[in-house]
Amino acid sequence: MISISELYENGNFHTSLQKFKVPDDYKFHCFGDEIFVQVDKDRFINHTRTIFDAQWQKMPFTYLYSLYTPKIDKPKNFILLKEIARKLCGDFAMMRVDTYCINHKVYIGELTFTPEGGTGKFTPNEWDAKLGSLWHIEN
């Protein structure tokens, strides 16, 4: 949690807010046992996004935003983040769990069944069907 007092620099909230960097967002797309990790960087400025598999291998597609091209290091607590995402997903066929790592602490941002409101575009488009095929809904 970031408090207002942490954003003040010499009593100037406006200057502090301009220097505030939104932390990287680790979003875990859980399809049963399959997990993909979406890393969002520089939100509200130059939003980019990279998708990784559960072993932190960069995936060959983009999702709505352009690809962040520099190397992204795996978070030190990646295994813990995956475990938290798996537990929160439970028996749901698909869920996205958004996490942040701030000062070595894990924060949950959002749980959703409809990432990007269901309208996010995959490039190349074939990845929409590939990921969709992992979503098994039982009657």
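All values derive from a computational prediction rather than experimental measurement. Because only heavy atoms are used, hydrogens play no part in the values below, and waters and symmetry mates are left out as well, while side chains stay in.
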Out of curiosity, [X] [atom1] to [Y] [atom2], how far, rounded to the nearest 0.5 Å?
X: K27; Y: L111; atom1: NZ; atom2: CG; result: 11.0 Å
X: F113; Y: F92; atom1: CZ; atom2: CZ; result: 4.0 Å
X: K121; Y: Y65; atom1: NZ; atom2: OH; result: 15.0 Å
X: D53; Y: I35; atom1: CG; atom2: CD1; result: 11.0 Å
X: M95; Y: H29; atom1: CE; atom2: NE2; result: 12.5 Å
X: S133; Y: D128; atom1: OG; atom2: CG; result: 10.5 Å

Smallest separation among heavy atoms of [X] and [Y], with atom names:
X: D33; Y: R86; answer: O-NH1, 3.1 Å
X: L81; Y: P75; answer: CD1-CG, 4.0 Å
X: L131; Y: F31; answer: O-CE2, 3.6 Å
X: V22; Y: R43; answer: CG2-O, 4.2 Å
X: A54; Y: K82; answer: O-NZ, 3.0 Å
X: K58; Y: Y68; answer: NZ-O, 4.0 Å

Can you check whether Y63's main-chain N or O pairs, donor with acceptor, with R49's side chain at less than 3.5 Å?
->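 Yes, because the side chain of R49 sits within donor-acceptor range (under 3.5 Å) of the backbone of Y63.
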Do [X] and [Y] land in one hydrophobic cluster if side-chain heavy atoms of ILVMFWY residues count as linked below 4.5 Å?
X: I108; Y: M94; value: no
X: F78; Y: V39; value: yes
X: W56; Y: F36; value: no
X: M59; Y: L134; value: yes

Could you please spell out the steps behind the side-chain hydrogen bond (donor to acceptor under 3.5 Å, both in side chains) verdict for D98 and Y26?
-> CA-CA 6 Å; D98 299 2; Y26 300 96; over 6 Å; no
Look at R96 together with E110 and state whether they make a salt bridge at an N to O cut-off of under 4.0 Å.
->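 Yes.
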With distance as the sole criterion, is a donor-acceptor pair present between the side chains of D24 and Y100 under 3.5 Å?
->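 There is no such pair between these side chains.
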Out of T50, I51, L67, which residue meets the side chain to side chain contact (heavy atoms under 4.5 Å, CB included) rule with T62?
->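 Only one of T50, I51, L67 forms a side chain to side chain contact (heavy atoms under 4.5 Å, CB included) with T62, namely L67.
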Give me the one residue out of N103, I102, D40 that meets side chain to side chain contact (heavy atoms under 4.5 Å, CB included) with P23.
->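 Exactly one pass, corresponding to I102.
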Check whether any side-chain heavy atom of F28 lies under 4.5 Å from a side-chain heavy atom of L88, and answer yes or no.
->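 No, their side chains stay 4.5 Å or more apart.
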Answer yes or no: is there a side-chain heavy-atom contact under 4.5 Å between N77 and H104?
->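 When only atoms from C-beta onward are counted, H104 and N77 do not touch, as no gap falls below 4.5 Å.
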Aromatic ring centroids of W127 and F122 under 6.0 Å?
->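 No: the rings miss the under 6.0 Å criterion.
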